[in-house]
2 protein chains.
Amino acid sequence: MSLAFAPSTDVSSAAAQAMAMRTPWTAETGLPSMGPVLHFTQDREIYGEGDEADAIFKVVSGVVRTCKFLSDGRRLIDAFHVAGDIFGVEAGAEYSFSSEAVCDCTVISYRRRGLEASASQDAGLSQQLFSYAMRSLARAQVHALLLGRRSAVEKVAAFLVDWATHSANTGTVTLEMTRQDIADYLGLTIETVSRTLSQFERDALIAFSTARQIRLTHPAALRSLNS
Amino acid sequence: MSLAFAPSTDVSSAAAQAMAMRTPWTAETGLPSMGPVLHFTQDREIYGEGDEADAIFKVVSGVVRTCKFLSDGRRLIDAFHVAGDIFGVEAGAEYSFSSEAVCDCTVISYRRRGLEASASQDAGLSQQLFSYAMRSLARAQVHALLLGRRSAVEKVAAFLVDWATHSANTGTVTLEMTRQDIADYLGLTIETVSRTLSQFERDALIAFSTARQIRLTHPAALRSLNS
DNA sequence: CGATTGCTTGATACCTCTCAACCCAGGTGG
DNA sequence: CCACCTGGGTTGAGAGGTATCAAGCAATCG
């Protein structure tokens, strides 16, 4: 289970390393020529649902969220994207999600037109596009299972265990996102997320350094909450 | 929003018509030679999660469900597949879902090996594979939004509206699946599904012919429940 | 400093689940 | 033919989990 586009290798978030090791497509393996490097400050929108999907993006540093909204404002975060992750790939003409900077972050954009031209020529690139889509699909399906059939305790535990794989030194999780982001990823409210984390602390499963820095003192127990 | 692999064209469930109009890949457009035609009786397993994924399938008639289980038996149905729909496409070596016959049904199987060989040669087929994966992804993401951020009333309404598009004569929905199937698709219990349908009947939004035959007497109202 | 933002905690409401009983149609066998 | 059984569906009562509403706290930033 992974929160986002996540190859199995796990690396630090240093941009160069990320680009070399985490990225399924690199300039070497078929992405069209690298586009402009863009910076976004916290909560800045990168693109909106319905915008013309003329570029795809790769995270260099920071964290990006992709999300959908209901008309009354309810939000579901589909995924958090970290360094090396690709986001914004669409089959149709428009983006089907919004994407925003969870924290200050840097992304590279690639013209979509160039990509499609290359794919029709390059069987390897086509294969990678298919592979990317299938991995995204698997992630979305696991997410649906989480949303549909797990309790709040299981959801929060799963989130911590998953996000811990993105942290450099195992055992300590750094949450770049707010409680609201976590709640909207898990289909909960901010209060339930907070209460569940507090419960984990009382049960000595985790220990807070700060609200955003958590030591997993008993990761096996957290993992066992995911059947 | 669609419940399953569903091109926008809507047709009856007659097999020949389905194969001609609903199927994104047909023998003509790149699927490897047609494999054996298989019949499954109600609730028979077609393949299990973890089985070697050596074939993909196309529904000829009937309805197939693909689902995942948690270790304690909780189930989530990912999708219902109707005539013309493809299911069982995997990137890895194993099926990531189980699939079972919702009712007596007929499917065609295709050797996966042949497909991959063709795809590496045929850019059009590669494109269709990518397109299939992206459509499945979009469906899974909408499903996640449903599971994570909608109430029971909204879920059941969305299900009825969606499933109605598969019925020949609009206005009447034939539910091939049990209440348990619906519940496991919506992340609810059987009782909540039943109560919600009864409530819709009291509110004159629907009318039961039988428990499995429902007239949508006020489809606009049902649709308006999906923001 | 005061204001703001993010987070936590408490009290209560309510939605959905759980457990149980019951109904109904269909099938089976005496 | 009818008693019985079974599986699917409905309904009720009550419990429980999560949401809602509200207050308070800590850190940050003008």
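Numbered from 1 within each chain, the chains take letters A, B, ... in sequence-line order. On a predicted model such as this, the values are computed, not experimentally measured, just so you know.
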* **Side-chain touch Val153(B)/Leu225(B), heavy atoms, less than 4.5 angstrom** => yes

* For atom CZ of Arg149(B) and atom P of dC15(C), their distance in whole Å -> 16 Å

* Go through Asn226(B) and Arg150(B) one step at a time and tell me if the side chain to side chain contact (heavy atoms under 4.5 Å, CB included) criterion holds. => CA-CA 9 Å; Asn226(B) 312 4; Arg150(B) 302 191 105 114; 3.6 Å; yes

Please list, one pair per line, the donor and acceptor atoms closer than 3.5 Å that link side chains of residues 37-46 of chain A to other protein atoms, with sequence neighbours excluded.
residue, atom, partner, partner atom, Å
His39(A), ND1, Thr106(A), OG1, 3.1
Asp43(A), OD1, Arg65(A), NH2, 3.1
Glu45(A), OE2, Gly48(A), N, 3.4

* Please state whether the phosphate of dC7(C), meaning OP1 or OP2, lies under 4.0 angstrom from any side-chain nitrogen or oxygen of Arg212(A). => yes

* So what does Ser194(A) touch, heavy atoms closer than 4.0 Å: a base, only the sugar-phosphate, or nothing? -> base

* Examine dT11(D): is either OP1 or OP2 under 4.0 Å from a nitrogen or oxygen in the side chain of Ser198(B)? Give yes or no. => yes

* Contact letters for nucleotides 20-30 of chain D, in which S counts primed atoms plus P, OP1 and OP2 and B counts the base, heavy atoms under 4.0 Å -> BB---------

* **Rounded interatomic separation in angstrom, taking CD1 from Ile190(B) and P from dC22(C)** => 18 Å

* Structure fact -> Between CG of Leu175(B) and C1' of dG8(D) the distance, given in whole Å, is 13 Å

* Is it true that a side-chain atom of Ser194(A) and a backbone atom of Ile190(A) form a donor plus acceptor pair closer than 3.5 Å? -> no

* Once you round it to whole Å, what is the distance between P of dG8(D) and CD of Gln213(B)? -> 18 Å

* Asked: Quick one: side-chain hydrogen bond (donor to acceptor under 3.5 Å, both in side chains) pairs with a partner in residues 204-223 of chain B, sequence neighbours left out?
  -> Thr174(B)-Gln213(B)

* Structure fact -> Nearest heavy-atom approach of Glu154(A) to Arg149(A) is OE1-O, 4.3 Å

* Check the distance between dT16(C)'s P and Glu154(B)'s CD and give it to me in whole angstrom. => 9 Å

* Structure fact -> Between CZ of Phe208(A) and P of dT9(C) the distance, given in whole Å, is 8 Å

* Could you check how far CZ of Arg150(A) sits from C1' of dG17(D), rounded to whole Å? => 17 Å

* Compute whether any side-chain donor of one residue and acceptor of the other, for Ser96(A) and Glu90(A), lie under 3.5 angstrom apart. => yes

* **Integer-rounded Å distance: dC7(C) C1' and Asp181(A) CG** => 13 Å

* Asked: NA contact type, Leu197(B), heavy-atom cut-off 4.0 Å: base, sugar-phosphate, or nothing?
  -> nothing

